[in-house]
Student: 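Supplied in C-alpha cells, the structure appears directly below.
Ligands are counted one by one from 1 in listed order, and the atoms in each one are counted from 1 as well. One-based numbering along the sequence shown.
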Amino acid sequence: MTVATTDASNSGDRKVAVVTGASSGIGAATAKVLAAQGYHVVIGARRVDRIDELAAEIDGTAIVLDVTDEQSVAAFVEQIPAVDVLVNNAGGAKGLATVAEADLDDWRWMWETNVLGTLRITKALLPKLIDSGDGLIVTISSIAAIEAYDNGAGYTTAKHAQAVLHRTLRPELLGKPVRLTEIQPGMVETEFSLVRFEGDAEKADKVYEGLTPLSADDVAEVIGFVASRPPHVNLDTILLMPRDQASARRNIKTG
Ligand code: 8X3
C-alpha cells in the first residue's frame, strides 16, 4: 500500500535515498538530513501515519514497509524505480536477559528485524543501486556489533550478524559502483530503550540519566557527511559514542 505524498517514480532530477525504519529516531533524522542535501527520500516503516507526515515535511515519499515480511519488501521495492542510497536503519532490541533466561521470541524478533530485514531489503535493492552508477549502502549496526555485553546476547549476536552481512558485501561488490559504510552508534537517546523495555519509560529514561547521550541528529549528520563524499571515497566503518561513554560496558556512570 502506498501512502505517498509524492510518487517514488516522480523524483524529478533528484537522486533517490531509501531509509528504512524511518518513522522516528535515527531513521527520521537521516531522512531529513538527506532531503536537505537534495535527495528525494523514500521513507519506509510500519507506522504509516508517522511516515506520511514526515514525507510531506521533506517532500519525499512514504511507503509502508515491514522488513520482516517478504511480500511487504517486494511491494515496497516495486514502487521504487531507481535508488542511489540505501540506509539500513530498521532494527532494534527486545529485552535484557542472560543466555540462561533467553526469551526465544525476543531473539527471533531481533534476528528477523536486524539480520534478515537488512538482508531482504539490501538484496532486493542491490541491482538498482548498482545500476545507479554511484550507489551507497549505509548500515546502522551498533557498538553491539563489535562488543558483547552481559544480558545483551540476543541483540549483540543479531548486530554482529547484521554487520558481518554488510561487511561481506564490500569485497563481493568490489569493481561495482557501490560504496558501503557501517555506522556503529553507542548510546543514542531515541525510542531504542523504550522498545527494548516494552514501553517502560521509567526504565528507558534511566539508561540515559546522568550522562549526555548522542541524539538522533548527531548520528544523522555523520550519515549526511558519508553521503556527500565523492564517489571514489568509501568511509568503511564509523564508531561514534558520546564523550561520556568509553565502550558498550563502560560509561561515566559505571566508572
Ligand atoms: C544501541 C547501543 O549499547 O545499547 O545499539 O547496545 S547498546
Student: Think Arg14 forms a cation-pi with Tyr39, using NZ or CZ under 6.0 Å from the six-ring centre and within 45 degrees of its axis?
Tutor: no

Student: Would you say Gly186 touches ligand 1, if touching means a heavy atom closer than 4.0 Å?
Tutor: yes

Student: Quick check on contacts: which atoms of ligand 1 are under 4.0 angstrom from a heavy atom of Ser142?
Tutor: 1 (C), 2 (C), 5 (O), 6 (O)

Student: As an exercise, identify every atom of ligand 1 less than 4.0 angstrom from a heavy atom of Ile143.
Tutor: 3 (O)

Student: Which atoms of ligand 1 are found less than 4.0 Å from any heavy atom of Tyr149?
Tutor: 4 (O), 6 (O), 7 (S)

Student: With heavy atoms of Ala144 as the reference, note each atom of ligand 1 found under 4.0 Å away.
Tutor: 6 (O)

Student: Tell me if the CD atom of Glu57 is crowded by more than 12 foreign heavy atoms within 6.0 Å.
Tutor: yes

Student: Check each heavy atom of Thr156 against ligand 1 and say whether those closer than 4.0 Å belong to the side chain, the backbone, both or neither.
Tutor: neither

Student: Under 4.0 Å between a side-chain nitrogen and a carboxylate oxygen: does that hold for Glu209 and Lys203?
Tutor: no

Student: Are Arg229 and Phe225 in a cation-pi contact, defined as NZ or CZ under 6.0 Å from the six-membered ring centre and within 45° of the axis?
Tutor: yes

Student: Do Gln162 and Ser141 have side-chain N/O donor and acceptor atoms under 3.5 Å apart?
Tutor: no

